[in-house]
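Heads up, the thing below is written out as structure tokens.
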Amino acid sequence: MTTTGQTSFPTTSKHLIPIPMTADDTPEIDPYETLAGSDQPFWADAAADAIEARSPDEPIVIKGGVSPSGIPHLGHVNEILRAYYVAEALRARGHEVRQVFTSDDRDRLRKLPRQLADLDGNIVGLGDVDAGALGRNLGRPYTDIPDPFGVSDSYGEHFTELLHRSVDDLGIDVEFVSNTRLYEDGEFDEVVRHVLTNRERAREVLSAYQDKVDETYVPFFAICEACGQLTETITDVDLDASEVSYACTDIDTGEQTISGCGHEGTVSIRNGKLPWRFEWPAQWKILDVDFEPFGKDHAEGSWPSGVDIARNVVDVELPVPMVYEWFTLEGEALSSSSGHVVTVDEVLDLLEAEVLRYFFVKEPLKQRDFSVERIDQLVDEFDRFERTYFGERETTESDREFVERAYPMVVTDPREERIRIPYTFAAVLGMTDDEDLREEIARKEGHIPEDAPAWAVEDALGRIERARNWARRTGNEFDYELKRTELPTVDFDDRVEAALDDLAAFVAEGHDGETIQGEIYETARRHDVDVGEFFAAGYRLFFDDEQGPKLGTFLGKLDREFVVARLRREQ
RNA sequence: GGGCCGGUAGCUCAGUCCGGCAGAGCGACGGACUCUUAAUCCGUCGGUCGCGUGUUCAAAUCGCGCCCGGCCCGCCA
């Protein structure tokens with residue numbers, strides 16, 4: 001994890017001058033409007049237009065950020081990918097762009113997640129770590145909590161690292177910034193001092209948004225020297241010393257109350273944090289943010305107050321906002337705490353990174369469902385997206401314009417020779433572990449051109465393992481597995497058994513797959529067995545299933561003794 | 001109480017900004033490949049565009065009013 005190389009601010013500054021207490025109308029800026037009314041075929045270009053319209057200084061800064069509260073899932077990646085496409089759109093126009101992502105790791109742990117994940121992404125239950133020890137850290141900043149796995153420096157660093165790895169796996173290069181480091185290194189000093197200097201004003205502005213703000217409210221949380229909790233009761237502010245005094249009182253997190261230790265003390269403003277509503281605009285100022293995408297959860301609360309605070313307290317120009325809808329997983333909201341999540345790690349076992357990148361290139365304001373069950377549809381859609389780019393299929397003009405712009409951002413090295421084996425067919429090929437056989441069948445069925453370059457063949461075959469993982473994970477109709485070691489339980493009537501013996505004899509003579517396929521029909525007819533019934537018998541024998549791949553072709557590829565013995569129900 | 005998204009073919013969705021013949025993929029059905037089973041190819045089937053209403057020569061598309069589904073905010077972050 002890296003931090004920004006910001007220079008320190010001088011201790012005296014014009015920003016320490018109190019802002020006069022005047023009422024100020026803040027025209028609303030609707031974050032839903034950024035993409036509305038644009039005639040751009042790709043939404044990221046609409047966002048880029050809005051950014052360019054402000055003539056920002058280079059490099060243009062695109063930000064995002066989340067708290068490292070637990071297992072990073074697809075929702076967290078969404079935040080980064082949305083920003084990424086906007087950054088790419090600007091880069092394609094020749095701008096220099098910094099995409100930064102703040103890990104809001106000084107936020108406090110408010111409740112224990114039900115699941116955690118180790119650095120390899122293996123998901124474990126809370127009971128598999130020392131939950132009691134973790135529980136004693138409620139109310140403390142993530143970066144002050146020991147890593148439950150004992151590897152990283154802190155809980156915060158652990159989960160930030162996991163997210164960083166997910167982003168790396170997607171091939172996205174983002175500058176990660178630790179919020180804690182920004183405080184520790186003094187990057188926040190000036191803006192914190194400014195907010196505290198104008199705390200009357202801050203109180204007045206925020207009170208329009210939060211009822212709990214009263215005369216005693218001070219916009220700062222201090223880290224208690226005794227117990228490490230972020231306490232909200234600030235009893236005194238010493239701007240000359242850049243210190244605050246506090247009393248460690250109970251914290252009401254809404255769901256539960258975290259008891260304070262009662263300690264009273266004084267700490268530097270580097271040992272604490274601004275409340276989120278102030279911290280967000282403060283980040284805009286420190287990092288000089290030009291564009292900020294955020295989930296719809298921020299659209300009604302944090303954003304309007306952030307606009308007000310940016311203008312009337314922090315004194316910073318607003319970034320261009322953009323709201324994105326959250327998506328669902330199998331039709332239901334993602335939830336770290338309840339464990340209804342899917343990680344990037346898991347998804348990349350099922351499909352290629354570019355397919356996942358494609359998922360996030362679609363309209364941000366549409367609520368979409370990510371379904372493992374129907375991943376084949378997503379992959380098929382991606383394959384069409386790719387074929388459209390290479391002009392291999394017809395589509396509408398607007399779709400073509402979208403694809404031409406978006407595809408190079410999804411697949412960063414477009415190569416026309418690339419081969420995609422249809423996903424469900426790849427799942428069928430997954431029935432065998434024999435890699436040569438996989439390739440042979442794929443070639444035979446026309447999914448790999450004669451003159452395909454080796455790299456393209458290798459890439460294409462890589463999908464088979466993923467599709468097989470998918471078939472197994474979902475246990476769907478493509479979950480074929482050759483029952484090689486033991487004979488499935490079978491119960492055939494005499495005619496079927498006679499037909500199988502007959503077919504065994506034919507196979508023993510040595511024929512290729514095509515011929516065997518034809519003979520299956522002939523044999524069935526000769527023995528007055530329904531063709532469908534006979535195929536079903538074959539699938540039962542070899543796959544313990546009602547259906548499977550094209551049988552004759554497949555049997556022709558297996559070693560003959562095994563096929564003959566199995567047809568005779570001997571092995 | 002408020003916000004946003006969605007409702008178009010059996011399924012998943014595009015089309016709505018900017019009104020002008022109702023679209024794609026999957027699916028189902030029929031056929032071809034000496035051969036009902038993955039794939040491939042050909043063909044067929046598919047829709048009261050959630051409901052109502054207004055505007056218009058013309059509405060899936062624009063306005064208004066509803067209904068249904070989902071999520072979010074009104075604690076915290």
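Just so we're on the same page: letters track the sequence lines, and every chain starts at 1.
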Nearest whole Å is fine: how far is C13(B) P from Phe370(A) CZ?
13 Å
Specify whether Phe385(A) and Tyr358(A) have parallel, tilted or perpendicular ring planes, treating 30° as the upper limit for parallel and 60° as the lower limit for perpendicular.
tilted
Is the phosphate of C33(B) approached by Gln517(A) (side-chain N or O, under 4.0 Å from OP1 or OP2)?
no
Which of these nucleotides, A77(B), U12(B), C76(B), is closest to any side-chain atom of Phe221(A)?
A77(B)
Expressed in angstrom and rounded to an integer, what is the separation of Phe294(A) atom CZ from C73(B) atom P?
13 Å
Round to a whole Å and report the spacing from CZ of Arg277(A) to P of C76(B).
6 Å
Identify which nucleotide among U36(B), A77(B), G3(B) has an atom closest to any side-chain atom of Lys296(A), counting heavy atoms from C-beta outward.
G3(B)
Which one, G70(B), U36(B), G2(B), comes nearest to the side chain of Gln367(A)?
G70(B)
Please state the C1' separation for the pair U61(B) and G23(B) - nearest whole angstrom.
14 Å
Distance in angstrom units between Glu332(A) CD and G69(B) P, rounded:
15 Å
Using the P atom as the point on both nucleotides, what is the distance between C18(B) and C64(B), in whole Å?
14 Å
Hey, are the side chains of Trp470(A) and Leu351(A) touching, using non-hydrogen atoms and a 4.5 Å cut-off?
no
Scan for salt bridge (Lys or Arg N to Asp or Glu O under 4.0 Å) pairs involving residues 37-49 of chain A, sequence neighbours excluded, and state none if there are none.
Asp45(A)-Arg93(A), Asp45(A)-Arg405(A), Asp49(A)-Arg93(A)
Rounding to an integer number of Å, can you tell me how far Asn78(A) CG sits from C72(B) C1'?
14 Å
Basic-acidic side-chain contact under 4.0 Å: Arg540(A), Glu533(A)
no
Using the P atoms only, state how far G25(B) lies from A9(B), rounded to an integer number of Å.
16 Å
Tell me every residue that passes side chain to side chain contact (heavy atoms under 4.5 Å, CB included) with Ala310(A), counting only those two or more places apart in sequence or in another chain.
Pro281(A), Trp284(A), Val316(A), Leu318(A)
Identify, with sequence neighbours excluded, every residue that meets side-chain hydrogen bond (donor to acceptor under 3.5 Å, both in side chains) alongside Tyr324(A).
Glu79(A)
Closer to the 5' end of RNA chain B via nearest nucleotide, is it Arg525(A) or Arg368(A)?
Arg368(A)
So Glu522(A), base contact, sugar-phosphate only, or nothing? Heavy-atom distance under 4.0 Å.
nothing
State whether the number of non-hydrogen atoms from other residues, nucleotides or ligands found under 6.0 Å of Arg114(A) atom CZ is greater than 12.
no
Using a 4.0 Å heavy-atom cut-off, does Ser302(A) contact any base of the nucleic acid, only the sugar-phosphate backbone, or nothing at all?
base
Position toward the 5' end of RNA chain B (nearest nucleotide), His447(A) or Arg374(A):
Arg374(A)
Give the intermediate values and the outcome of side chain to side chain contact (heavy atoms under 4.5 Å, CB included) for residues Tyr183(A) and Glu279(A).
CA-CA 11 Å; Tyr183(A) 280 107; Glu279(A) 188 174 77; 2.6 Å; yes
Find the distance Leu437(A):CG to A38(B):C1' and express it as a whole number of Å.
14 Å
Helical stems, RNA chain B - three or more consecutive Watson-Crick or G-U wobble pairs below 3.5 Å
B:1-7 with B:67-73, B:10-13 with B:23-26, B:27-32 with B:40-45, B:50-54 with B:62-66
I'd like a table of atom pairs between the protein and nucleotides 27-29 of chain B - only N or O on both sides, under 3.5 Å - with the distance next to each one.
none

If I pick the C1' atom on G15(B) and the same atom on A32(B), what distance separates them, to the nearest angstrom?
34 Å
For Phe159(A), the ring pair (Phe, Tyr, Trp, His ring centres under 6.0 Å) test, sequence neighbours excluded, returns Tyr155(A)
Return the CG to CG distance between Leu356(A) and Leu74(A), rounded to the nearest 0.5 Å.
6.0 Å
OH of Tyr209(A) versus P of C76(B): gap in Å, rounded?
14 Å
Which pairs, with at least one residue in residues 419-432 of chain A and sequence neighbours excluded, count as a side-chain hydrogen bond (donor to acceptor under 3.5 Å, both in side chains)?
Glu354(A)-Arg420(A), Glu386(A)-Arg420(A)
With rounding to the closest Å, how many angstrom separate the C1' atoms on U8(B) and C13(B)?
9 Å
Provide, to the nearest angstrom, the distance between the CD atom belonging to Gln229(A) and the P atom belonging to C76(B).
18 Å
Ring-plane angle category for Trp280(A) and Phe294(A), please: parallel below 30°, perpendicular beyond 60°, tilted otherwise.
perpendicular
For the residue pair Phe327(A) and Phe359(A), categorise the inter-ring angle as parallel (less than 30°), tilted (30 to 60°) or perpendicular (more than 60°).
perpendicular
Base, sugar-phosphate, or nothing: which does His298(A) touch, judged by heavy atoms less than 4.0 Å apart?
base
With a 4.0 Å cut-off on N to O distance, would you call Arg374(A) and Asp369(A) a salt bridge?
yes
Which pair of non-hydrogen atoms, one from Met322(A) and one from Leu35(A), has the smallest distance, and what is that distance?
SD-CD1, 3.8 Å
Residues 66-73 of chain A, side-chain donor-acceptor partners within the protein, below 3.5 Å, at least two apart:
from, atom 1, to, atom 2, distance (Å)
Ser67(A), OG, Asp107(A), OD2, 2.5
His73(A), ND1, Gly75(A), N, 2.9
His73(A), NE2, Ser336(A), OG, 3.4

Is the CD atom of Glu401(A) crowded by more than 12 outside heavy atoms at less than 6.0 Å?
yes
Counting only heavy atoms and a strict 4.0 angstrom limit, can you tell me which residues of residues 376-385 of chain A come near RNA chain B?
Gln377(A), Arg384(A)
Just checking Trp326(A): base, sugar-phosphate only, or nothing, at a heavy-atom cut-off of under 4.0 Å?
sugar-phosphate
Atom pairs under 3.5 Å, N or O on each side, protein against nucleotides 15-21 of chain B: can you list them with distances?
from, atom 1, to, atom 2, distance (Å)
C17(B), O2, Ser38(A), O, 2.9

Work out how far the P atom of G31(B) is from that of A38(B), and round it to whole angstrom.
14 Å
With sequence neighbours excluded, tell me which residues meet side chain to side chain contact (heavy atoms under 4.5 Å, CB included) with Arg472(A).
Arg468(A), Asp479(A), Glu481(A)
Integer angstrom distance from the C1' of G43(B) to that of G7(B)
32 Å
Please confirm whether the shortest side-chain N or O distance from Arg387(A) to OP1 or OP2 of A24(B) is below 4.0 Å.
no
Does Glu509(A), at its CD atom, have more than 12 non-hydrogen atoms belonging to other residues, nucleotides or ligands within less than 6.0 Å?
yes
Taking only heavy atoms on the protein side, list every residue of residues 421-428 of chain A lying under 4.0 Å from any atom of RNA chain B, sorted numerically.
Phe425(A), Val428(A)
Describe the nucleic acid contact of Arg393(A) in one word from base, sugar-phosphate, nothing, applying a heavy-atom distance below 4.0 Å.
sugar-phosphate
Rounded C1' spacing from C42(B) to C5(B) in Å:
41 Å
